K.L.:
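Mind having a look at this structure? Questions to follow.
For ligands, and for the atoms within them, numbers begin at 1 and follow the listed sequence. Remember, it's a predicted structure, so these values are computed and weren't measured experimentally.
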Amino acid sequence: MQMPAPDAKVIARSGELAAALRGVLPAESVHDAEAARRAYQSDGLTAYSQLPLLVALPETTAQVADILKVCAVFGAKVVPRGAGTSLSGGALPLADGVLLGMAKFNRILEIDYENRCVVAQPGVTNLAVTQAVQGHGFCYAPDPSSQVACTLGGNVAENAGGVHCLKYGLTTNNLLGLELVLMSGEVLRLGGRHLDSAGYDLLGIITGSEGLLGVITEVTLRILPQPQTVRALLIGFATIEQAGDCVAGVIAAGIIPGGMELMDRPAIHAAEAFTGAGYPLDAAAILIVELDGPEVEAEHLANRVAEIARDLGATMVRASADESERLRFWAGRKAAFPAVGRISPDYYCMDGTIPRARLADVLGKIAEMSEHFGLRVANVFHAGDGNLHPLILYDANNPGELERAEEFGAEILRLCVAVGGVLTGEHGVGVEKRDLMGEMFDDIDLAHQQRLKCAFDPDGALNPGKVFPVLHRCAELGRVHVHRGRHLFPDLPRF
Ligand SMILES: Cc1cc2nc3c(=O)[nH]c(=O)nc-3n(C[C@H](O)[C@H](O)[C@H](O)COP(=O)(O)OP(=O)(O)OC[C@H]3O[C@@H](n4cnc5c(N)ncnc54)[C@H](O)[C@@H]3O)c2cc1C
């Protein structure tokens, strides 16, 4: 994986840049010492790391605007960062860039029950929103498994999802408004406390923009009443194909569960050993299906799902008898990633989405690839959304294994695209899937996406090296022509 070549001129002026940043921030909010910078060298994609040139920790929108203006003057790049849980390397720092840590933006500004929304700063954790409103019977629906740590800014930038997004939507469906600072220092306010706005859907463009268009400094989120009743079913199958067919069968029957998650045998065993959730160890796959709503409806739907599962040959169907059993069913799923971390020195978490009807087929092919690459895989994923998370198990200490795991992962993503799916479901493109963008988009698509980037950030200073496989300077975009190996702009860095 190659990043843009660092700009030696910017690195040479790091002392001056630090002094200029200390001119707009309290001195203790700018870090240039190596020990302090090291805390930011990586995100959830730990295979890659890089010390940032400097770290800036603002706490007001005006400070963010000032930092960006200073960086623009110095030609320094900027990488925004929330909690650093990105699994695609979106918050990976740059050797010639300022790491903009948003952790001090950690306040919920307003809870507006009348308009059913929460206004919060981007450094607030995802879980803190539900915790703040649950006493009044409300919740914030998107619930990534990392919700105890990940921040709202990171959630918007990655369009994060979670178990309950099948029924209640991803971040994009639960975001009403935001404040954004552009590289020029301009402050935009998009959306509001209502569901739609006039004009282009700029809120939609910013959601999932992976820190490439602007820095989010405030969000307004939709909150929902908590469902009256929640029932969960734990269903075991002798084959993974049956579990895949059950997912398709439930949706085809017109039922949209609150969540529908699939785990295969390696994941079941790892989670059971870690949490004792009560999973059947003889099953090749389990589904956890959650039904919610008024009691009669949740009961009726749970019975329908159980019927569908039995008709497809389920070896076990258990309905949660009470809330503590429901939480136990989920405990294994929620802790599945760390559980897999106990059975392998390293794992590589993939994220691709496929049409639900292809689940069984694609899982079969992943099993074949696992044989081919000689690396084990555990599957834990949002089956209802067709959002796969194969965890490729490897040992980075063995020479060549990381590269083999990456090639295996790339093959899985190519397969997702080939069956009509997409490269990412919720973890973003970042650096991880950057070089695979060409599998999904042709040059014209990519050029249009980059033109949009140029409209917000004409100098390409925000989070470069992420998402787009080829760096274009906005002025040359679409006009670069290589003739007989002679490049029109030989000075442009390409990676
Ligand atoms: C164990 C584990 C489980 C996970 N489970 C899920 C899951 O179920 N669903 C899911 O969707 N994801 C999941 N993730 C991935 C990750 O938690 C999400 O992508 C999350 O949204 C990242 O938030 P963060 O605050 O950590 O952002 P960071 O990792 O700090 O940054 C992510 C991206 O957002 C940008 N960014 C951050 N803050 C801002 C800002 N204020 N303005 C502009 N850009 C910004 C960064 O530049 C970067 O591109 C999981 C990760 C882990 C480690």
K.L.:
Touching ligand 1 at all, V79? Heavy atoms, strictly under 4.0 Å?
P.N.:
no
K.L.:
Start with the C-alpha gap between E110 and R193, add the side-chain angles, then the distance that decides, and say whether salt bridge (Lys or Arg N to Asp or Glu O under 4.0 Å) holds.
P.N.:
CA-CA 12 Å; E110 194 185 340; R193 295 182 187 208; 2.7 Å; yes
K.L.:
Between D457 and K453, does any side-chain N to carboxylate O distance fall below 4.0 Å?
P.N.:
yes
K.L.:
Between D459 and K77, does a salt bridge (Lys or Arg N to Asp or Glu O under 4.0 Å) hold up when you go through it step by step?
P.N.:
CA-CA 9 Å; D459 296 324; K77 293 151 189 156; over 6 Å; no
K.L.:
So if I count the atoms of ligand 1 from 1 in the order they appear, which ones are less than 4.0 Å from some heavy atom of E158?
P.N.:
19 (O), 32 (C), 33 (C)
K.L.:
One thing to verify: whether K167 and D292 come together as a salt bridge, which I'm taking to mean a side-chain N less than 4.0 angstrom from a carboxylate O.
P.N.:
yes
K.L.:
Which residue holds the protein heavy atom closest to atom 46 (C) of ligand 1, what is that atom called, and what is the gap in Å?
P.N.:
P80 O, 3.1 Å
K.L.:
Any idea which protein heavy atom is nearest atom 41 (N) of ligand 1, and the distance to it?
P.N.:
I216 O, 3.1 Å
K.L.:
Would you tell me which option among C165, A336, G161, P93 has the nearest heavy-atom contact to atom 11 (O) of ligand 1?
P.N.:
G161
K.L.:
Does ligand 1 have any atom sitting under 4.0 Å from a heavy atom of G44?
P.N.:
no
K.L.:
Nearest protein heavy atom to atom 29 (O) of ligand 1, by residue and atom, and its distance?
P.N.:
S86 N, 2.7 Å
K.L.:
For atom 12 (N) of ligand 1, state which one of H382, Q147, H427 supplies the nearest heavy atom.
P.N.:
H427
K.L.:
What part of T217 sits under 4.0 Å from ligand 1 if we count only heavy atoms: the side chain, the backbone, both or neither?
P.N.:
neither
K.L.:
Just distances here: any N/O of D143 and N/O of ligand 1 closer than 3.5 Å?
P.N.:
no
K.L.:
Can you find a side-chain donor-acceptor pair between H427 and E432 that sits under 3.5 Å?
P.N.:
no
K.L.:
Can R333 and E261 be counted as an ion pair, charged N to O under 4.0 angstrom?
P.N.:
yes
K.L.:
Report the C-alpha distance between E323 and R326 in whole Å, list the side-chain angles of each, state the deciding distance to 0.1 Å, and finish with yes or no for salt bridge (Lys or Arg N to Asp or Glu O under 4.0 Å).
P.N.:
CA-CA 5 Å; E323 185 60 6; R326 182 182 79 84; 2.7 Å; yes
K.L.:
Just to confirm my output: which protein heavy-atom neighbour is closest to atom 50 (C) of ligand 1, and how far is it?
P.N.:
S146 OG, 3.4 Å
K.L.:
Out of L45, T85, L170, who gets a non-hydrogen atom closest to atom 15 (C) of ligand 1?
P.N.:
T85
K.L.:
Roughly how far, to the nearest 0.5 Å, is CG of N155 from OG1 of T172?
P.N.:
12.5 Å
K.L.:
Look at E411 together with R414 and state whether they make a salt bridge at an N to O cut-off of under 4.0 Å.
P.N.:
yes
K.L.:
With atom 31 (O) of ligand 1 as the reference point, say which of S145, A149, A91 has the nearest heavy atom.
P.N.:
A91
K.L.:
Look at E407 together with R404 and state whether they make a salt bridge at an N to O cut-off of under 4.0 Å.
P.N.:
no
K.L.:
Is it the side chain (CB and beyond), the backbone, both or neither of M102 that lies under 4.0 Å from ligand 1, heavy atoms counted?
P.N.:
side chain
K.L.:
Please verify whether a non-hydrogen atom of D43 lies at under 4.0 Å from ligand 1.
P.N.:
no
K.L.:
What protein heavy atom sits nearest atom 25 (O) of ligand 1, and how far off is it?
P.N.:
T151 OG1, 2.6 Å
K.L.:
Can you tell me if G214 contacts ligand 1 (heavy atom of the residue under 4.0 Å from the ligand)?
P.N.:
yes
